[in-house]
Amino acid sequence: MTYYSVRMRTGRRLDAKDVYDLLRTVPEGQVTTYGDLAKALGFPGAARAIGRIMNANPDPIVVPCHRVVSSDGSIGGYGFGIKMKKEILAKEGLQFDGDAIVDFEKKRAVLKLKREK
DNA sequence: GCCATGGCTAGTA
DNA sequence: GCCATGGCTAGTA
């Protein structure tokens, strides 16, 4: 599996693999946000870049990109359509009020960066 | 110029 | 609802 890394305007690199690894720690039944992932990895403000990386997800089976939603608790986007995103999340136990996640703050995962080798 | 974002403000009710 | 943020890409020169 080859991942790409994103070159920030600052010159720093955000490795897509780091994003996917962190996202994989979000358990079924919970969600995180684009901005939370960005911040946890030390790139505050790069939420939009995270969205791009989600869109480029090479393996939706392994990387649960459907668990990444907007910071206001609304559904956010999805490469296969937000309808499917909602269906998957519903299957994982989340409830919706329109496009808004019910009890969003309770479902919002606390991201912890694992020390890498 | 586009977009799978987010934060802040005006302005309505 | 506006605009700052951030990288990508089609398409012009």
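Every value quoted in this text rests on a predicted model; they were computed, and no experiment measured them.
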*Supply the atom-to-atom distance A:Asp18 CG to A:Leu37 CG, rounded to the nearest 0.5 angstrom.*
11.5 Å
_Base-paired stems in DNA chain C, each at least three Watson-Crick or G-U pairs under 3.5 Å_ = B:1-3 with C:6-8, B:5-8 with C:1-4
_Once rounded to the nearest 0.5 Å, what's the spacing between atom CD of A:Gln30 and atom CZ of A:Arg108?_
12.0 Å
*Donor-acceptor pair, side chain of A:Asp15 and main chain of A:Val6, under 3.5 angstrom*: no
_What is the distance, to the nearest angstrom, from the CD1 atom on A:Ile53 to the C1' atom on B:dC3?_
14 Å
*Contact residues, residues 100-110 of chain A to DNA chain B [heavy atom, < 4.0 Å]*: none
*Look up atom CE in A:Met84 and atom NE2 in A:His66, then write down how far apart they are to the nearest 0.5 Å.*
12.0 Å
*Could you tell me whether A:Gly76 contacts a base, only the sugar-phosphate backbone, or nothing, with contacts defined as non-hydrogen atoms closer than 4.0 Å?*
nothing
_Treating A:Tyr20 as the side-chain partner and A:Ile53 as the backbone partner, does any N or O pair qualify as donor plus acceptor under 3.5 Å?_
yes
*What distance separates A:Gln95 CD from A:Phe104 CZ, expressed to the nearest 0.5 Å?*
15.5 Å
*How long is the gap from CD1 on A:Ile50 to CG on A:Leu14, to the nearest 0.5 Å?*
5.0 Å
*Can you tell me how far C1' of B:dA4 sits from CZ of A:Arg52, to the nearest Å?*
10 Å
_For a quick check, with a 4.0 angstrom heavy-atom cut-off, what is the B/S/- contact string for nucleotides 6-13 of chain B, read 5' to 3'?_
SS------
_Test item: A:Arg67 side-chain N/O and A:Val26 main-chain N/O as donor-acceptor pair under 3.5 Å_ = yes
*Figure out the OH/P separation between A:Tyr78 and B:dT5, and round it to whole Å.*
15 Å
*For A:Phe80, does its backbone N or O pair with a side-chain atom of A:Lys85 as donor and acceptor, under 3.5 Å?*
no
_Value rounded to 0.5 Å, distance of OH in A:Tyr34 from OG in A:Ser70_ = 5.5 Å
